[in-house]
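Just so it is clear, the model here is predicted, and its values are computed rather than measured. When a ligand or atom number is given, it counts from 1 through the structure's own listing order.
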Amino acid sequence: MPLHLFIHLSLAILAGGLIGRRWGKTELGVAAGLLGGFFIDLDHVLEYFLVFSPHFNLLYFLEGRQFLASGQVHSWFHAWEYAPILFLAAWLVRRRQEVMVFILALTIGGLVHLATDSIVNQYPLRNYSVLYRQSVGFAVEKLFSPQQYQDFLANKKYLDL
Ligand SMILES: [Zn+2]
């Protein structure tokens, strides 16, 4: 497993587990933490189908060809904006403790994931705002640093996309 994924997996379990344990629901917390902090990356699969549907090629997916071919990054699940909405939802359902714990662990797992992505990928925090990405047309050219964009173009050329 690549280190980046291993970090996401460990932090998702840790964050979810700690939230869950606070209310005596560790397993529920871990499950929700994994959903928000690890399986959040499934939006990369959705993005692949947006570009290459209906075909799927695992190697191409892992190479990130969906981003290279389109020059765009949507990553719909990766957004700070969901957190305040979800925190409000958790507060509204606070009497139904299981649901509240689930939402809290999901949200905090997601926030930890976004912070980790930002550090590991060396993208500014604003890149993890879906409204910001939308404001620049989801364009890689606007989202990446000049050096990152040069590397992106080199990779695109190398893969002949
Ligand atoms: Zn991610």
Side-chain angles (χ1 to χ4, degrees), residues 1-20 28-53 55-87 89-90 101-156 158-159 161:
M1 177 184 279
L3 180 63
H4 183 167
L5 282 183
F6 178 74
I7 294 170
H8 281 319
L9 184 66
S10 319
L11 291 179
I13 293 170
L14 184 70
L18 286 174
I19 303 284
L28 178 70
V30 168
L34 281 171
L35 203 59
F38 188 70
F39 291 103
I40 183 176
D41 277 339
L42 285 176
D43 61 3
H44 300 331
V45 180
L46 291 179
E47 186 136 11
Y48 187 92
F49 282 113
L50 177 80
V51 181
F52 295 116
S53 172
H55 303 286
F56 187 79
N57 177 312
L58 184 63
L59 178 66
Y60 287 5
F61 169 74
L62 294 174
E63 286 172 347
R65 287 190 185 225
Q66 63 275 40
F67 306 116
L68 294 164
S70 68
Q72 291 187 322
V73 179
H74 291 85
S75 294
W76 299 275
F77 299 166
H78 288 64
W80 307 112
E81 286 92 336
Y82 302 131
I85 299 166
L86 288 166
F87 280 132
V101 169
F102 182 88
I103 299 174
L104 279 181
L106 178 89
T107 310
I108 291 172
L111 288 173
V112 170
H113 181 104
L114 297 184
T116 309
D117 265 353
S118 178
I119 295 166
V120 173
N121 297 326
Q122 295 184 292
Y123 296 139
L125 293 173
R126 64 163 188 254
N127 277 21
Y128 293 91
S129 153
V130 70
L131 293 176
Y132 175 72
R133 290 197 301 277
Q134 188 192 32
S135 76
V136 297
F138 301 102
V140 165
E141 190 177 358
K142 302 265 172 60
L143 295 166
F144 284 14
S145 71
Q147 181 58 53
Q148 285 169 334
Y149 188 57
Q150 288 313 311
D151 294 345
F152 174 87
L153 290 178
N155 201 12
K156 187 177 159 88
Y158 174 72
L159 292 171
L161 284 162

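Distances from the Zn ion (ligand 1) to each N, O or S atom of H78 single out NE2 as the nearest.
Aromatic pair Y60/F52: centroids not less than 6.0 angstrom apart. Annotation: F38 is not in aromatic contact with H8 [ring centroid separation under 6.0 Å not met].
Centred on the Zn ion (ligand 1), the angle running from D117 (OD2) to D41 (OD1) is recorded as 170°, rounding to 10°.
Rounding to the nearest 0.5 angstrom, the gap separating the CZ atom in F61 from the NE2 atom in H44 is 7.0 Å.
Taking backbone and side-chain atoms together, H44 has no N/O/S atom less than 2.8 Å away from the Zn ion (ligand 1).
Between F152 and G71, the shortest heavy-atom distance links the atoms CZ-CA, 4.0 Å.
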